[in-house]
Every structure is written in C-alpha cells, then in structure tokens.
Amino acid sequence: MNQLHTLYTVIDLGGTFAFAISGAIAAKVKGLDIFGILVVSFTVACGGGILRDISIGAIPPTGISDWRYLFVSLIAAAVAVGISPILKLLNRPVILFDALGLSLFAVTGAQKTLSYGHNYEVAVLLGILTAVGGGVIRDIFLNRIPVIFENEIYASAALLGALVVVTGNYLGISNQWTFPVGFLLCFTLRILALKYHWKLPTFNKSK
Amino acid sequence: MNQLHTLYTVIDLGGTFAFAISGAIAAKVKGLDIFGILVVSFTVACGGGILRDISIGAIPPTGISDWRYLFVSLIAAAVAVGISPILKLLNRPVILFDALGLSLFAVTGAQKTLSYGHNYEVAVLLGILTAVGGGVIRDIFLNRIPVIFENEIYASAALLGALVVVTGNYLGISNQWTFPVGFLLCFTLRILALKYHWKLPTFNKSK
Amino acid sequence: MNQLHTLYTVIDLGGTFAFAISGAIAAKVKGLDIFGILVVSFTVACGGGILRDISIGAIPPTGISDWRYLFVSLIAAAVAVGISPILKLLNRPVILFDALGLSLFAVTGAQKTLSYGHNYEVAVLLGILTAVGGGVIRDIFLNRIPVIFENEIYASAALLGALVVVTGNYLGISNQWTFPVGFLLCFTLRILALKYHWKLPTFNKSK
C-alpha cells in the first residue's frame with residue numbers, strides 16, 4: 001500500500017513536471033516574462049487537477065495546497081528558461097512533454113475521482129478533464145483555439161487511458177496493472193497519431 | 001409533484017439538447033473532428049449548469065454525474081454531423097437552437113438555485129449564468145468575443161426569464177405557471193430582437 | 001474588531017469598484033452594449049473573488065450572494081458610461097483603476113483565505129488569484145492575451161502584497177498594519193513599474 005502511494009505520488013509529480021515544462025516552453029516562445037512563464041507553467045500543470053478537485057469537492061485543491069506542485073512548476077520553468085539549447089535538440093518538445101502529461105493525468109485523474117466515491121462516468125469525464133484541462137487553459141491564455149479541438153487524436157487518447165482505469169476498477173484489477181497499461185496505451189496512441197498523422201474525421205465540407 | 005419533476009427533467013434535457021446542437025454545429029463549421037465536436041457539444045450543453053452547480057455546492061455537478069446529459073450531447077453531435085442537409089434548410093440554425101437553450105436554462109437555473117436555499121440575487125445571477133455560460137465557453141473555445149457581449153438582446157432575455165421564476169417564487173406562484181411564462185417571455189424577446197435587430201445602446205463614440 | 005470589519009468591508013467594496021470601473025471602460029471601448037458593459041464590469045470586479053471562494057469552499061461565493069457587489073458594479077458601469085469626459089482626462093484610466101484593484105484584492109484575498117483556515121501557500125496563491133483573476137477573465141472575454149502575461153510587473157506586485165499579509169500573520173502582526181503596508185507596497189511597485197517601464201526579463205531570443 002505504501003509502495004502504491006509512493007508510485008502514485010511519483011506519477012503525479014512526473015505528470016505535473018511534464019505539463020509544467022510544456023506550459024513554460026509555450027509561454028517562453030510567446031515572449032512572456034519570467035513571472036508570466038511561471039504562472040502559465042503552474043496553471044497548465046495544475047489547472048486540470050484543480051478543476052477536477054473543485055468538481056469532486058476536494059477543497060482546497062491539492063494543486064494549490066501541496067507545496068510540491070508549485071515547487072515542481074518552479075523547477076520546470078527554470079529548466080525551460082535555462083537549458084533552452086538542450087530543449088531545442090528535441091523535435092517539437094512541447095508536444096512530447098504534452099503527451100507525457102496527457103497520459104499520466106488521464107490515469108491519475110480517473111483514479112482520484114473514483115477514490116472520492118463518484119461514479120464511473122464522473123471518473124472517465126474528470127480523467128479526461130484532468131488530462132486536457134491544463135492544455136486547454138494554456139491555449140486560451142495564449143489566445144488560440146485549444147489543441148484539443150484540432151483534428152488530432154488528443155482527448156480521445158485521454159479517454160482511452162481513463163477507460164482502462166475505470167474498467168480495471170469495475171473488474172477488480174489492481175492499480176498496479178491498470179496505471180501502467182492505461183498510461184502506455186494513451187501515450188502510444190498519442191505518439192503514433194502524431195507520427196503517422198492519424199486524424200479523426202471532420203465534417204465541414206466547405207473547408 | 002411527480003408530474004412536476006417529470007416536466008422539470010423534460011425541460012432540462014430539452015435545453016441540454018438545444019445547446020448541444022448549437023455547440024456541435026459551431027464546432028463542425030470550424031472544422032473540428034468528431035471527438036472535438038462531441039467535447040464542444042457537451043461543454044456548451046452542460047458548461048453553464050456545471051458552473052452553477054459548483055457555485056451552489058451541488059457536487060459533483062449533475063452535468064457530469066447523470067449519464068443522460070452526456071447521452072443527449074452524443075445524440076446532438078450525431079444529429080449535427082449526420083443530418084446536415086436538414087439543418088442547412090433552417091436559417092441560422094445555431095442561433096435558433098441557442099435561443100431555445102437560453103430560455104430553458106434561465107428558468108431551470110434560477111429554480112435549481114432557489115431549491116438549494118440560496119437567496120433571490122444568487123438565483124437571478126445563476127439563472128443568467130446557466131443560460132449564457134455554455135455559450136460564453138463555446139465562444140472562448142472558438143477564440144472569439146462571446147456573442148453575449150455583442151450589442152444584441154441576449155443575456156438581458158435570460159435576466160427576464162430568471163426574474164419571472166424568482167418573482168413567482170416570492171409571490172408564491174407555482175412553477176407550473178412561472179416556468180412556461182418565463183420561458184416564453186425570454187424566447188419571444190430573444191427571437192423578436194433577432195428579427196427586428198433590437199439592440200441595446202453602446203457608448204463608444206469613436207467606433 | 002467592529003472597526004476592523006468595517007475597514008475590511010470598505011477596502012473590499014473599494015477594490016470591487018476599482019476593478020468594475022476597469023472592466024466597464026474596457027468593455028465600453030470595445031463597443032459592447034450597456035448590458036454587456038455591466039456583465040463585464042461585474043465579472044471583472046467579482047471574478048477573482050468568486051474563483052477564490054470556490055477554491056476555499058465559501059459557497060455560495062460572496063460576489064454573487066451579497067447585493068452590494070452587484071450594486072457597486074452597477075454604479076461603476078453607470079459612471080464609466082456617464083462621465084466619459086472626466087475619465088478621458090485621466091491618462092490610461094483603465095490601468096490606474098486596475099492597479100488599485102490589484103493591490104486591494106491581493107491583500108484581502110490572502111486574508112480571507114487565511115481566515116478560512118487554509119495554509120500559507122494557499123493564501124499567497126489565492127491572494128494573487130483574487131487580484132489577477134478578474135483581469136485575466138476580462139482579457140479572455142475581450143479575446144486577447146491577458147495583460148498579466150505581458151512583460152510588466154503585474155502579478156509579481158500582487159505576490160508582494162499577499163506575502164506581506166501572510167508574513168504578518170505568521171509573525172502575529174495585526175491586519176491593521178499588514179493591510180495598508182501590503183496595499184501600498186503592491187500599488188507603489190505597480191505604478192513605478194508602469195512609470196519607469198520596469199520589466200521582468202523575457203527569454204525568447206528570436207522575438
């Protein structure tokens with residue numbers, strides 16, 4: 001049980017770091033100042049989780065009451081600002097880190113919702129919200145249509161990750177299995193979709 | 001009492017469907033994919049109600065815990081995608097469905113707030129929020145200034161609907177009367193304003 | 001104690017008025033109608049506080065349950081619409097009123113969070129949120145990148161004000177001292193930053 005709790009914490013902070021890096025890089029590219037970069041970094045990292053916590057009645061939201069999330073966002077902002085040469089070696093680093101955060105948060109978001117006693121639908125929807133909420137807020141802040149609504153496999157990957165956790169819970173399978181399986185399926189789907197330009201169909205004939 | 005409850009449910013799901021159609025059509029026109037259309041459809045349909053439920057302490061919000069809202073959004077997204085030829089026969093279908101949802105949600109939003117024991121001001125403000133919240137979120141998602149802030153009779157129509165319900169409650173008049181009266185007044189005002197281009201005054205001389 | 005409570009109320013309504021004026025002027029310049037101006041005015045004035053109240057579990061948020069906030073927003077919208085000639089004499093009036101609201105809300109937001117029994121980190125973060133939340137919502141509504149993310153001393157000034165209140169609370173110093181000190185430090189920093197174009201560093205070499 002303690003090991004599971006440690007794993008949960010590691011995954012959670014890992015997802016926070018991934019999203020914070022994604023937010024910090026996007027904010028830096030837009031020319032925001034160091035404080036603005038930190039605010040976007042923190043908001044993107046914790047925004048989805050904060051919306052989830054407010055929806056399930058976890059007051060105050062963990063994102064603002066646990067110092068580790070703020071600390072991780074600070075580190076991520078510093079890394080994004082400081083090691084720019086390293087980050088530039090990675091191809092489209094924002095999207096890579098974004099995929100990591102997406103997968104981790106879909107899984108942990110669904111699990112936390114279940115642990116608060118809510119039903120399966122709430123768990124799936126808030127798993128998706130935890131995963132995509134931060135990115136949607138980032139895109140709204142940066143004044144563009146959220147990436148989630150482009151014709152790419154994005155929120156649907158989060159749906160897959162959350163569904164694995166919820167289905168596992170229904171079948172009585174341990175988190176030890178559903179967490180890595182849900183994470184890997186979501187991450188793999190997202191990366192493959194990026195690599196092979198998999199898209200969901202659109203319906204605007206005139207566009 | 002049971003009949004009233006059934007009526008409330010029918011009205012609520014009807015409003016959800018109207019807003020979901022409005023969101024799905026707007027998302028489809030913007031060229032979003034099928035999952036994006038569903039997400040916008042659901043968010044527009046339930047966004048205002050979710051914000052209301054969070055504000056009155058109804059946790060988790062009904063919009064995410066009751067499967068019927070998600071189901072109705074799914075149907076609406078499918079209809080918007082599938083019966084495009086029929087929808088195109090209607091003149092500006094988004095705005096028509098939007099007016100239906102606006103009127104229904106102003107009335108039910110005010111009523112639910114009262115039933116949670118909050119005061120008349122909260123009921124009027126959250127009636128308006130329930131009615132216009134989804135549309136505002138839709139427009140933020142689609143990266144444009146919310147329709148509510150254009151110089152048309154929109155939120156003021158919702159104010160009228162919510163005021164009827166609250167005034168009726170103060171005077172001890174049954175929902176059976178205030179619901180249809182508030183709905184019809186709001187809907188009529190909105191449609192007449194659209195037809196005759198009624199506008200509220202603006203104050204930017206230079207524009 | 002009663003005097004402190006009166007002071008708290010006066011400061012709170014003063015900050016509300018300052019932000020409401022800021023929102024109303026911005027909405028008027030954009031050419032919104034009288035109802036739209038009122039909605040933006042109210043949302044900017046109370047948006048940060050409502051987000052804070054939802055985060056600390058103060059349901060329903062004071063901004064929508066206490067009629068004085070709505071009344072103050074109404075007055076502010078009327079003033080902004082009515083005394084345009086006077087307002088135009090002030091240089092960049094939106095930014096001046098914005099700085100007043102920023103300072104007042106950083107201080108009162110941190111204090112209210114502490115009074116609900118939350119920890120110092122929550123108080124600092126929600127002090128900043130109370131201060132900048134309304135302005136961020138205003139800029140999202142008006143479809144532009146929030147001012148907070150420009151390279152100016154803005155949220156960092158709110159951080160300073162909130163830190164003074166939280167540090168004072170930790171050291172057992174009365175609000176009587178920390179309120180005016182926090183307010184004046186935040187306001188002075190913001191105004192000096194505007195006057196001398198103090199900026200925080202940015203990191204986008206190519207821009």
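Throughout, a chain's letter reflects where its sequence line sits, starting with A, and its residues are numbered from 1.
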Trainee: If you round to the nearest 0.5 Å, how far is CD1 of B:Ile128 from CZ of C:Phe42?
Mentor: 9.5 Å

Trainee: Among B:Leu125, B:Thr113, B:Asp139, B:Val124, which residue has the highest count of heavy-atom pairs closer than 4.5 Å to chain C?
Mentor: B:Leu125

Trainee: Look up atom CG in C:Asp53 and atom OG in B:Ser55, then write down how far apart they are to the nearest 0.5 Å.
Mentor: 10.0 Å

Trainee: If the condition is ring-ring contact (aromatic ring centres under 6.0 Å, His included), which residues does B:Tyr170 pass it with, not counting sequence neighbours?
Mentor: B:Tyr120

Trainee: Pull out the residues in residues 59-68 of chain C that come under 4.5 Å of chain B, heavy atom to heavy atom, sorted by number.
Mentor: C:Ile59, C:Pro60, C:Pro61, C:Gly63, C:Ile64, C:Ser65, C:Asp66, C:Trp67

Trainee: Please look at B:Leu129 and chain C and tell me whether the side chain, the backbone, both or neither of the residue comes under 4.5 angstrom of a heavy atom of that chain.
Mentor: neither

Trainee: Heavy-atom distances under 4.5 Å only: say whether C:Ile54 touches chain B with side chain, backbone, both or neither.
Mentor: side chain

Trainee: Checking B:Leu189 now: which residues fulfil side chain to side chain contact (heavy atoms under 4.5 Å, CB included) with it, not counting sequence neighbours?
Mentor: B:Ile153, B:Ala157, B:Leu160, B:Trp198

Trainee: Quick one: what part of B:Asn119 sits under 4.5 Å from any heavy atom of chain C, side chain, backbone, both or neither?
Mentor: side chain

Trainee: By a 4.5 Å heavy-atom criterion (distance strictly below it), what part of C:Ile37 contacts chain B: side chain, backbone, both, or neither?
Mentor: side chain

Trainee: Who pairs with C:Val39 by side chain to side chain contact (heavy atoms under 4.5 Å, CB included), at least two apart in sequence or on another chain?
Mentor: B:Ile148, B:Phe149, C:Phe35, C:Thr43

Trainee: For B:Val132, which atoms come within 4.5 Å of any heavy atom of chain C: side chain, backbone, both, or neither?
Mentor: neither

